[in-house]
Amino acid sequence: MATGDFIRDIIEDDLRTGKHAGRVKTRFPPEPNGYLHIGHAKSICLNFGIGDQYGSRTNLRFDDTNPAKEDVEYVESIQHDVRWLGFDFGEQALYASDYFDEMYELAEDLVRAGKAYVDHCSEDEIRDYRGSLREPGRPSPYRDRAVEENLTLLRRMRDGDLPDGTCVLRARIDMSASNMKLRDPLLYRIRHEHHDRTGDAWPIYPLYDYAHPLSDAIEGITHSICTLEFENNRPLYDWVIEHTGVSERHGFSRPQQIEFARLKLDYTVMSKRKLLLLVEDGHVSGWDDPRMPTIAGMRRRGYRPEAIRAFADLIGVAKVNSTVDIGKLEFCVRDDLNQVAPRVLGVLRPLKVTLTSWPEGEVEELTGPYFPADIGKPGERTIPFGREILIDRDDFSLDPPAGYQRLAPGRTVRLRHGYAITCDEVVEEDGEVVALRASHVPDSVGKTPAGVDISGVVHWVSAAHAVPAEVRLYDRLFSVPRPEEGAGDITETLNPDSLEVVGGAMVEPSLDGAKPGSHWQLERVGYFVVDAVDSEPGRLVLNRTVTLRDSWTGTAEAPAPQVQEKSAKAKTRPPKKSRVEYRAEARLRDPVLADRLAAWPSAYGLSEEDADLLTGDRPTGDLFVEAIGAATPAAVARWIVNELPPALGDRELADTALTGPALGALVAAMEAGEITGPVAKDVFAEMVETGADPRTVIAERGLAQVSDDAAIAAIVDGVLAANAGKVDEYSAGKTALFGFFVGQVIKGSQGKANPQVVQRLVRDRLS
RNA sequence: UGCGAGGUAGUGCAACCGGCACCACGCCUGGCUCUGAACCAGGAAAUCCGGGUUCGAAUCCUGGCCUCGCAGCCA
């Protein structure tokens with residue numbers, strides 16, 4: 001189920017143009033400093049999904065460049081989670097540290113080429129020299145050190161001669177770049193630190209901006225997909241690959257970095273730091289606490305990989321930062337479990353019901369299928385039934401509200417898969433209902449005797465046969481939708497009811513000995529999983545994965561309050577310099593432009609706005625002047641203002657073959673009605689490309705406007721005949737289709753049909 | 001503030017070259033039902049704002065507004 005997102009669009013384009021010689025290769029590059037969470041799952045599904053789709057194996061590569069923060073515990077859990085999600089990265093994961101030798105060699109190359117230098121500034125000095133968002137940085141005093149000296153120093157760094165923090169290796173790019181990432185970024189820092197894989201071999205470690213592009217290039221990655229916050233790093237990514245020549249060295253095309261929006265979810269947090277805090281401060285039982293958005297937590301909660309992958313599919317991939325409604329995840333989980341979880345009976349808070357009409361000691365074996373008919377799966381189990389049964393307290397009401405479909409005094413309900421029973425008597429103690437006495441309706445299993453009025457269906461277990469279970473009811477971790485946006489500590493908004501342990505639950509005997517990790521639906525209650533950690537023979541522990549959807553609006557609890565506290569970050573930014581100002585400045589510098597602005601509106605009948613746009617630079621204005629010979633100046637101006645920029649793309653006017661006289665001729669032809677607007681745009685595109693003469697193109701291709709009723713009517717009839725269904729919809733009131741018909745006719749004429757004539761004829765035919 | 005990215009129903013995501021605003025979750029109605037589930041049918045609900053180009057603008061031009069990211073020897 002390949003969804004077409006913007007990344008796959010890029011890949012398709014690259015495949016068409018042969019950019020990477022037909023190869024597609026992606027990677028997932030986690031830093032082993034925490035457990036994977038649902039946000040990573042989105043990225044994993046994206047990268048591995050693309051790999052699967054294009055038949056290439058996706059690399060799992062650990063970005064292990066900072067030994068101080070990383071741990072083998074995480075590399076193991078990450079591999080386990082990726083495999084559990086259903087993805088294959090081969091026998092071995094890869095490691096950035098495997099490329100340390102080559103990275104170092106390339107660093108020496110950079111130094112030799114004068115593109116990197118060793119800087120002895122302190123951390124504070126480096127920050128200071130870097131400047132700020134508004135001021136450019138200043139060169140470090142060490143920036144122009146001799147190549148030989150840099151080389152010697154770099155080798156001393158590598159040899160471990162220098163203590164931590166004495167110096168760093170920096171790329172020599174541009175200290176005044178407006179993109180801060182380009183202000184001589186750090187490549188290597190000294191860290192006398194033991195590394196899990198390279199041991200004590202290296203006292204220096206590369207930084208992300210250096211290690212990451214090199215790792216991608218070495219592995220022959222074609223599309224390096226990362227999150228939005230790395231957009232500013234892309235020029236640096238490209239710089240490293242270009243100036244080290246690493247791709248060429250390995251015989252690969254250069255990888256392309258593409259950024260997408262990371263996943264955010266309601267009612268939870270996603271940053272590793274905050275998750276770690278929840279674990280360390282004991283707000284949850286560990287990384288795999290079922291309330292955690294970690295893969296491990298969701299697994300223990302009972303989410304299956306299928307559900308997580310479906311979720312990744314559902315939310316799509318885009319460049320807009322957005323927060324996904326956690327209900328979508330729950331939908332995917334239910335949708336998945338609905339197909340696979342056998343249905344069984346269990347009561348959370350038992351209320352004893354004695355069936356006075358049922359003989360003491362008599363047990364009947366009822367049977368119930370594991371799946372409802374629409375799932376279409378086989379299997380059934382027996383359910384013992386006796387004089388004493390247990391139902392859920394929630395299924396009885398002394399004073400039932402309107403529409404209540406459960407048990408109440410005098411009412412009759414169906415016991416799921418069993419008899420109908422009627423509540424005869426309520427046993428109360430201290431004003432509390434402690435038990436019920438009821439009678440069964442004879443011969444009501446599988447049928448309803450005439451005259452019996454059944455209020456609803458209720459789940460139950462036999463008191464004598466049921467097995468006890470500990471049930472853990474999980475709910476969202478936070479009580480507010482955006483815990484990270486509040487002013488204070490995130491722990492202040494933790495949901496106090498995110499875990500409720502129900503000790504006295506009773507489930508049907510078939511659940512005795514259920515396998516840890518197995519999924520069940522307790523009918524009318526929810527989906528549950530047998531806890532993989534705490535459940536053992538003789539002690540059944542069930543985690544509620546997700547509730548059943550509940551569409552009963554009768555007494556539905558009020559929806560969680562939508563706390564809106566967006567003011568926290570609603571600081572308004574000062575306005576930035578607009579393009580108007582740039583044009584105004586240009587006119588200040590160049591009196592010719594200023595004169596043009598002053599003179600042209602009255603001289604040529606231009607609007608102030610068009611005049612402004614035409615006089616921001618010389619070439620645009622020159623083009624205008626050269627073009628107005630044959631055509632009306634205002635029309636030429638409109639064309640330059642509206643049609644030139646999209647035709648230009650990133651090019652400068654001077655880089656195209658477009659000339660003023662040719663443009664004038666085109667506009668004149670259009671004004672004279674010789675050609676239509678759409679045709680003019682096509683011709684214009686070609687003029688920009690090749691410098692063709694518009695008259696020649698029009699004549700040679702026969703692009704003259706068609707206004708002849710008969711010719712157009714023929715096309716109209718053809719279009720209406722080919723879209724009979726749409727015509728019916730139109731007659732039925734869908735008038736928005738009018739534009740569709742007009743568009744089809746104009747396309748049918750290759751854009752040559754006079755639009756007014758088309759409109760008139762379509763209108764005639766349709767009425 | 002310099003630079004970069006972005007703004008389509010409540011939510012998420014589409015609409016290649018200007019021509020039917022798509023789909024899904026959620027919500028509301030109804031149907032079916034021995035799960036108030038599932039399933040089926042129907043419905044309400046959106047192009048950030050202003051101006052312009054065009055027969056026609058979510059899409060092109062233009063002005064504005066709003067949001068996010070960048071000043072770690074983190075990634």
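Below, chain A is the first sequence line, B the second, and so on; all start at residue 1.
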Keeping the roles fixed (side chain from [X], backbone from [Y]), state whether a donor-acceptor pair exists under 3.5 Å.
| X | Y | result |
| --- | --- | --- |
| A:Lys752 | A:Ser707 | no |
| A:Arg183 | A:Ser132 | yes |
| A:Thr615 | A:Ala611 | yes |
| A:Asn642 | A:Arg638 | yes |
| A:Asp392 | A:Leu348 | yes |
| A:Gln521 | A:Val344 | no |

Within the pair [X] and [N], is there a side-chain N or O less than 4.0 Å away from OP1 or OP2?
| X | N | result |
| --- | --- | --- |
| A:Arg416 | B:U33 | no |
| A:Arg262 | B:G69 | no |
| A:Ser322 | B:C13 | yes |
| A:Arg406 | B:G36 | no |
| A:Arg130 | B:C73 | yes |
| A:Arg549 | B:G26 | yes |
| A:Ser607 | B:G52 | no |
| A:Thr65 | B:C74 | no |
| A:Arg127 | B:G72 | yes |

Give each protein N/O atom lying under 3.5 Å from an N/O atom of nucleotides 55-62 of chain B, with the pair distance.
residue	atom	partner	partner atom	Å
B:C55	O2'	A:Gln759	NE2	2.8
B:C55	O2	A:Gln759	NE2	2.5
B:C60	O2'	A:Asn642	O	3.3
B:C61	O2'	A:Val641	O	3.1
B:U62	O2'	A:Glu609	OE2	3.4

field: Short side-chain donor-acceptor distance under 3.5 Å, A:Glu609 and A:Ser607
entry: no

Rounded to the nearest angstrom, tell me the gap between atom [atom1] in [X] and atom [atom2] in [N].
| X | N | atom1 | atom2 | answer |
| --- | --- | --- | --- | --- |
| A:Asn233 | B:C74 | CG | C1' | 12 Å |
| A:Leu337 | B:A38 | CG | C1' | 13 Å |
| A:Asn179 | B:A5 | CG | P | 11 Å |
| A:Asp610 | B:G52 | CG | P | 12 Å |
| A:Phe6 | B:A15 | CZ | P | 12 Å |
| A:Tyr527 | B:U35 | OH | P | 13 Å |
| A:Arg234 | B:A5 | CZ | P | 7 Å |
| A:Tyr237 | B:G4 | OH | C1' | 18 Å |

message: With a 3.5 Å cut-off and heavy atoms only, can you find an N or O donor on one side and an acceptor on the other between the side chain of A:Asn232 and the base of B:G69?
response: yes

message: I'd like to know if A:Arg638 reaches the base of B:U53 with its side chain such that a donor and an acceptor end up less than 3.5 angstrom apart.
response: no

Parallel, tilted or perpendicular: rings of A:Tyr237 and A:His212 (30°, 60°): tilted

query: In terms of the angle between their ring planes, are A:Trp460 and A:Phe385 parallel, tilted or perpendicular, with boundaries placed at 30° and 60°?
result: perpendicular

query: Which part of the nucleic acid does A:Val320 contact within heavy-atom distance under 4.0 Å: base, sugar-phosphate only, or nothing?
result: sugar-phosphate

message: Does A:Arg262, at its CZ atom, have more than 12 non-hydrogen atoms belonging to other residues, nucleotides or ligands within less than 6.0 Å?
response: no

- line: Under a 4.0 Å heavy-atom criterion, the protein footprint on nucleotides 43-49 of chain B, written with B, S and -, is -------

Under 3.5 Å, which donor-acceptor pairs link side chains of residues 321-332 of chain A to any protein atom two or more places apart or in another chain?
residue	atom	partner	partner atom	Å
A:Asp325	OD1	A:Gly327	N	2.8

Contact list (N/O, under 3.5 angstrom) for nucleotides 40-42 of chain B vs protein:
none

message: With a 6.0 Å cut-off on the ring centroids, do A:Tyr210 and A:Tyr188 count as close?
response: yes

message: According to side chain to side chain contact (heavy atoms under 4.5 Å, CB included), who are the partners of A:Cys226, at least two apart in sequence or on a separate chain?
response: A:Phe230, A:Gln257, A:Glu259

- prompt: Does any non-hydrogen side-chain atom of A:Met670 lie less than 4.5 Å from one of A:Val679?
  reply: no

- prompt: Dot-bracket, RNA chain B: Watson-Crick or G-U, under 3.5 angstrom, [ ] crossing, | other strand?
  reply: .((((((..(((......[...))).(((((.......)))))....(((((..]....))))))))))).....

